[in-house]
Number of protein chains: 2
Amino acid sequence: MKKSAKPRIVRSTAELAEYAGLARTTVSRVLNGHPGVKPKTVERVRRAMEETGFTPNAAAMRLRGKGDYTVGICMETLFTPPMVTKLALLQQRLRQRGVKSLIEVVESGRVHEVVQHFRSMQADCITFIGQFDPAEITNQVAMLKRLKVPHLLIDQSGIEGANTVTIDREQAMHEVVAHLYELGHRSFGLIGMNRPVETVRARLRGITSALAKHGLDIARDALSLDYLVDREHDFAFGREVAAAFARRDDRPTAFICVNDEVAAGAVVALKEAGLRVPEDASVVGFNNQDICLMSIPTLTTVDQQIDETVEAALELILAQTSKPLRRSVARLIPAAVIRRDSTGPVPSARRPRS
Amino acid sequence: MKKSAKPRIVRSTAELAEYAGLARTTVSRVLNGHPGVKPKTVERVRRAMEETGFTPNAAAMRLRGKGDYTVGICMETLFTPPMVTKLALLQQRLRQRGVKSLIEVVESGRVHEVVQHFRSMQADCITFIGQFDPAEITNQVAMLKRLKVPHLLIDQSGIEGANTVTIDREQAMHEVVAHLYELGHRSFGLIGMNRPVETVRARLRGITSALAKHGLDIARDALSLDYLVDREHDFAFGREVAAAFARRDDRPTAFICVNDEVAAGAVVALKEAGLRVPEDASVVGFNNQDICLMSIPTLTTVDQQIDETVEAALELILAQTSKPLRRSVARLIPAAVIRRDSTGPVPSARRPRS
DNA sequence: CTAAAAAACGGACACGTGACTGCGTTGTTT
DNA sequence: AAACAACGCAGTCACGTGTCCGTTTTTTAG
């Protein structure tokens, strides 16, 4: 648009050179910042690029082995806010480091397909975010290791030989239990903790051992009514299960929920049953999503420490720039309990004599 | 792993052919499904691929002009649930059609950078989802048109000469106003409707003309207290603004909110002020997010018709496979009011004499 | 067993780029 | 004016793929 010069579509450095009245090699040297080119010539090339909007062909550069370092990011779902946050943050941090990223959302059972796509795009590292089918992901990791393609799993634990970054769910539940125990709670309701995925199982293990540490027994001192409600673990699930709890005489004094939506639903149901939160019942969520601040009272929850997770992931990805890691690395990020208004001292009538 | 054959890393069709004991051209014919190859040979190649995990180099194929049709998707944000839903659905539908997609999340002011990346990756169509800076996006669209690169904007209106798919926000607000008018409401509170972005302005225009159609005047019969609260338009914003409304004598009977979070906040504030929803005040949200069903009462809102939007987008993207459209296309998707429990008849004390 | 048809082979080219080489053309300095 | 850098030019190769074409090998039909 500048000097209304010959507006033309330029598709290669050769054409760009022709447009600028230079040799292709000269243009190439300018593009790659080589020395021995007059500033005036550099300016001519720069100007030609601007006028034509030319961009070097990434395919050709990659073929020639001079492409950008590229990470393929495999998302299990985009419907869980913390996952999306991790994705957005990771891509942002990668870009800051000059690393390109490719993103694909994968339907279950099609992980191989997406991994193939990334491999065909010559991704230098393949990263998975979310909780995939263990068998499927194990296969993929094995294949990638055999082919010496660097990889990283975020938020997926329990995969042998894989590089992983994940928050320490067991430790997180230890802190939750400790927090509730300090408040005097001795009976616990578990809501949505029966999902047969490793990320929930790990939490259940944490609860079990944490209770044991305080002399309690999960089989005796905790209760789950999940089987009563057959639906995904969302707000309505929490509401229905908590409503069932509220109708029982042996109602626990504290509820540990699988996520914040479920916890928010539980709070609503408890209030609808005439109970006060936290005076009559405490509720803890998981994830520290926005909804925690929308619930009344605000929700005590576990923060996933997304910043730290992404930072560790970034580090591991960059550590594999040249070649795969010698030994597989599993990084555990400590989680933090965020204390808000949905947890409080156990009701005096039920206070344990200590 | 199968026959524990020579496990080797194969990087090109030439190496694959060597591995299988065939000529590279023969392997190539198999890969491209050409006729004149014995089934037994096809099987040999298939097996070699499986054993070595070989994947053709996408860069080379693209360079040769035989790459997959690829769409670059530019996301303005991943923090708005409807946007993410559109993204996930669009990518899924594209994959079903054999179209590859690249996704990048863009920070404001860096659109050009991302577009350049897509162009260097030889994306065949560049799609933008979300509400970008108008000046920036106008520039980018102009450049893409000049370079004859197909493009599409989703959820962005008001860009001259661009191909767009977006819901009809004016019509949506007409329906909202009609719904409330039928219920007897004659005075309206607008919450979060003052944001200077086209997608909100369009709604405001819709409200204005809809009110006019019913003989009302937005300047006289609607009220905004947005200026009292300086923060992004989230749950807390809705709560604070609605609290301010509740303290006034000239409180409107119906509240039209910029999104569902704000509406949910407004409902909470109204209830905290001792008002009943919908008996004393009606509230309408926008987007039909999950939170609508978590609010008590459930929220009346406007559904974005994401399925239809994505379907229309898909159609427009595929229509540009060979070359850009002759004339730019702007598709408006009709939105739908979802009537739930947060809207009801106007309080009898204020019922208009009709 | 032989001839014909089918299949596989091997070489060449193009795609756009970066890097290298040798050679010509400037422009500056002595 | 001559010497000499500094700079720019033209040509070449490699990367991995698809495709074409002529040749050789294998298979099938008679």
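So you know, we letter chains A, B, ... as the sequences are listed, proteins then strands, and number each from 1. Just so it is clear, the values below take in all heavy atoms, side chains as well, and ignore hydrogens, waters and symmetry mates.
Considering only side-chain atoms of B/Thr13, the nucleotide from C/dA19, D/dT17, C/dG16 that sits closest is D/dT17. Comparing atom distances between the B/Lys38 side chain and each of D/dA14, D/dT17, D/dT27 picks out D/dT27 as nearest. Distances were taken from every side-chain heavy atom of A/Lys66 (C-beta onward) to each of C/dA19, C/dC9, D/dG18; the shortest belongs to C/dA19. Out of C/dG16, C/dA19, D/dC7, the shortest distance to the side chain of B/Leu63 is found at C/dG16. Picking from D/dG16, D/dT19, D/dA10 the nucleotide with the shortest atom distance to the side chain of B/Ala60 gives D/dG16. For A/Thr25, the side-chain atoms get nearest to C/dC20 when compared with the rest of C/dC20, D/dC20, D/dT17. Listed nucleotides: C/dC9, C/dT17, D/dG18. Nearest to the side chain of A/Asn57: C/dT17. Nearest nucleotide to the B/Ser28 side chain, out of D/dG18, C/dG10, D/dA10: D/dG18.
Here the P atom of nucleotide D/dC15 and the CE atom of A/Met121 are 22 Å apart, to the nearest Å. The distance between atom CE of A/Met61 and atom C1' of D/dT17, rounded to the nearest whole Å, is 19 Å. In this structure, B/Leu22 atom CG and D/dT26 atom P are separated by 13 Å, rounded to whole Å. With rounding to whole Å, A/Arg29 atom CZ is found 10 Å from C/dA19 atom P. Between the P atom of D/dA6 and the NZ atom of A/Lys40 lies a distance of 19 Å, rounded to the nearest Å. In this entry the distance linking CZ of B/Arg11 with P of D/dC15 reads 13 Å, nearest Å. Across the protein-nucleic acid pair, A/Asn32 atom CG and C/dA19 atom C1' stand 9 Å apart, rounded to whole Å. In this structure, CD of B/Gln122 is placed 15 Å from C1' of D/dT17, rounded to the nearest angstrom.
Residue whose closest nucleotide on DNA chain C sits further toward the 5' end, between B/Val37 and B/Gly65: B/Val37.
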Query raised in the report: Which is it for B/Arg331 and B/Thr309 under the side chain to side chain donor-acceptor pair (under 3.5 Å) test, yes or no, and what are the steps along the way?
Result: CA-CA 9 Å; B/Arg331 286 275 291 272; B/Thr309 302; over 6 Å; no

Query raised in the report: Could you walk me through whether B/Arg93 and B/Glu311 pass the side chain to side chain contact (heavy atoms under 4.5 Å, CB included) check?
Result: CA-CA 8 Å; B/Arg93 302 286 285 116; B/Glu311 218 53 43; 2.4 Å; yes

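Look at A/Lys100 and B/Glu104 and you find no salt bridge, because none of the NZ, NE, NH1 or NH2 atoms lies under 4.0 Å from a carboxylate O.
Among B/Ile129, B/Val165, B/Ile126, B/Thr164, the one residue that satisfies the side-chain contact (heavy atoms from CB on, under 4.5 Å) test with B/Leu153 is B/Thr164.
Note on A/Gly21: only backbone sugar-phosphate atoms sit closer than 4.0 angstrom, heavy atoms only; bases stay farther off.
Below the 3.5 angstrom threshold, one finds a donor paired with an acceptor across the side chain of A/Arg24 and the base of C/dG18.
Between B/Asn163 and B/His151, some side-chain heavy-atom pair lies under the 4.5 Å cut-off.
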